[in-house]
Chemist: 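Quick one: structure below, then a few questions.
Bear in mind that the values here come from a model prediction, so they are computed numbers and not experimental data.
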Amino acid sequence: VQLQASGGGLVQAGGSLRLSCTASGRTFSISTMGWFRQAPGKEREFVAAISWSGGIAYYADSVKGRFTISRDNAKNTVDLQMNSLKPEDTAVYYCAARSGYYYSAPEKYDYWGQGTLVTISS
């Protein structure tokens, strides 16, 4: 499975961005897709995940109510709509996939895309 993320950029606090991740290859093996982020000097942390078949979404408390994860099975894409962005949302965002049920731990994910930088100015 290969994952390609896009959509990062620079926005002001309070603004919005939409990240997209496209999966290719053995996509039939994917059960869960997620977004993680890593800020400078910090560990990679869970942001959101979605079950590939049922579309059940999971969110970190820090983004709940502001971010929305969605998937399009026909296009093999997972999007992350980010609203009301804060400077503390600044990080490199990664999409990931796993062949199993949802976990928030990044080490449980089998496949990773390249990161896309999101910078929120105050």
Side-chain angles (χ1 to χ4, degrees):
V1 174
Q2 294 79 45
L3 304 175
Q4 180 72 39
S6 62
L10 170 65
V11 297
Q12 290 187 331
S16 299
L17 274 177
R18 188 176 184 90
L19 305 183
S20 185
C21 179
T22 301
S24 60
R26 298 170 62 90
T27 57
F28 60 84
S29 66
I30 297 174
S31 295
T32 304
M33 289 193 70
W35 286 95
F36 294 79
R37 65 187 182 187
Q38 188 165 18
K42 295 188 176 181
E43 294 187 351
R44 192 168 298 189
E45 65 174 4
F46 170 74
V47 175
I50 191 165
S51 64
W52 199 237
S53 58
I56 300 172
Y58 308 86
Y59 297 96
D61 288 342
S62 59
V63 306
K64 205 170 291 184
R66 301 188 297 123
F67 291 11
T68 302
I69 190 170
S70 60
R71 95 272 190 243
D72 185 328
N73 296 58
K75 297 181 179 179
N76 289 330
T77 58
V78 172
D79 290 350
L80 185 69
Q81 177 65 42
M82 306 185 294
N83 298 328
S84 302
L85 285 161
K86 305 175 182 180
E88 51 263 43
D89 293 319
T90 295
V92 176
Y93 283 70
Y94 299 87
C95 64
R98 70 182 308 271
S99 305
Y101 293 117
Y102 155 74
Y103 277 98
S104 61
E107 60 267 24
K108 294 291 188 180
Y109 286 73
D110 307 301
Y111 310 102
W112 291 85
Q114 91 290 2
T116 185
L117 178 63
V118 171
T119 305
I120 312 303
S121 63
S122 57

Chemist: Got a sec: does the CZ of R18 have more than 12 other heavy atoms crowding it under 6.0 Å?
Modeler: yes
Chemist: In Å, rounded to the nearest 0.5 Å, how long is the span from OG of S16 to CZ of R66?
Modeler: 10.5 Å
Chemist: Counting only N and O atoms by type, is there a donor-acceptor contact under 3.5 Å from the side chain of T116 to the main-chain atoms of G8?
Modeler: yes
Chemist: Heavy-atom distance under 4.5 Å between the side chains of I56 and I50, does that happen here?
Modeler: no
Chemist: Answer yes or no: is there a side-chain heavy-atom contact under 4.5 Å between V1 and D110?
Modeler: no
Chemist: Look at the side chain of R37 and the backbone N and O of V118, then say whether any donor-acceptor pair between them is shorter than 3.5 Å.
Modeler: no
Chemist: Nearest 0.5 Å please: distance from the OG atom of S6 over to the CG atom of L19.
Modeler: 8.0 Å
Chemist: Would you call S31 and Y102 a side-chain contact if the rule is heavy atoms closer than 4.5 Å?
Modeler: no
Chemist: Closest heavy-atom contact between S122 and P87?
Modeler: CB-CG, 3.8 Å
Chemist: Testing the basics here: between W35 and A5, what is the closest heavy-atom pair and its distance to 0.1 Å?
Modeler: CH2-CB, 4.1 Å
Chemist: Does any non-hydrogen side-chain atom of Y58 lie less than 4.5 Å from one of T32?
Modeler: no
Chemist: Indicate yes or no: does K64 engage D61 in a salt bridge with an N to O separation below 4.0 Å.
Modeler: yes
Chemist: For a quick test of reading the model, state the closest non-hydrogen atom pair linking Q4 to Q114 and the distance between them.
Modeler: NE2-NE2, 3.0 Å
Chemist: Heavy atoms only: give me the nearest L3-A23 pair and the separation to one decimal.
Modeler: CD2-CB, 3.6 Å
Chemist: Applying a strict under-4.5 Å side-chain criterion to I, L, V, M, F, W and Y, I'd like to know whether W112 and L117 cluster together.
Modeler: yes
Chemist: Give a yes or no answer on whether the side chain of N73 reaches the backbone of W52 with a donor-acceptor pair at less than 3.5 Å.
Modeler: yes
Chemist: Where do A48 and L80 come nearest, in terms of heavy atoms and distance?
Modeler: CB-CD1, 4.1 Å
Chemist: Any heavy-atom pair between the side chains of I120 and E88 that's under 4.5 Å?
Modeler: no
Chemist: Is there side-chain contact between R44 and Y94, with at least one heavy-atom pair below 4.5 Å?
Modeler: yes
Chemist: To the nearest 0.5 angstrom, please state how far the OG1 atom of T27 sits from the NZ atom of K75.
Modeler: 15.5 Å
Chemist: Parallel, tilted or perpendicular: which describes the rings of F36 and F46, with under 30° parallel and over 60° perpendicular?
Modeler: perpendicular
Chemist: List the residues meeting side-chain hydrogen bond (donor to acceptor under 3.5 Å, both in side chains) with K42, not counting sequence neighbours, and say none if there are none.
Modeler: none
Chemist: Quick test of your reading: applying disulfide bond (SG atoms under 2.5 Å apart), list the pairs with at least one residue in residues 29-104, sequence neighbours left out, ordered by first then second residue.
Modeler: C21-C95
Chemist: Among side-chain atoms of Q81 and D79, is any donor-acceptor pair under 3.5 angstrom?
Modeler: no
Chemist: Answer with yes or no whether the side chains of T77 and D72 bring together a donor and an acceptor at under 3.5 Å.
Modeler: no
Chemist: Just wondering, do Y109 and S104 contact through their side chains at under 4.5 Å, heavy atoms?
Modeler: no
Chemist: Nearest 0.5 Å please: distance from the CG atom of L17 over to the CG atom of L85.
Modeler: 5.5 Å
Chemist: Report whether V11 and M82 are members of the same hydrophobic cluster (ILVMFWY, side-chain heavy atoms less than 4.5 Å apart, transitive linking).
Modeler: yes
Chemist: With side chains defined as the heavy atoms from C-beta onward, is the minimum distance between V47 and Y93 less than 4.5 Å?
Modeler: yes
Chemist: I'd like to know whether OH of Y103 has more than 12 heavy-atom contacts from other residues, nucleotides or ligands below 6.0 angstrom.
Modeler: no
Chemist: What are the two closest non-hydrogen atoms of M33 and A97, and how far apart are they?
Modeler: CG-CB, 4.0 Å
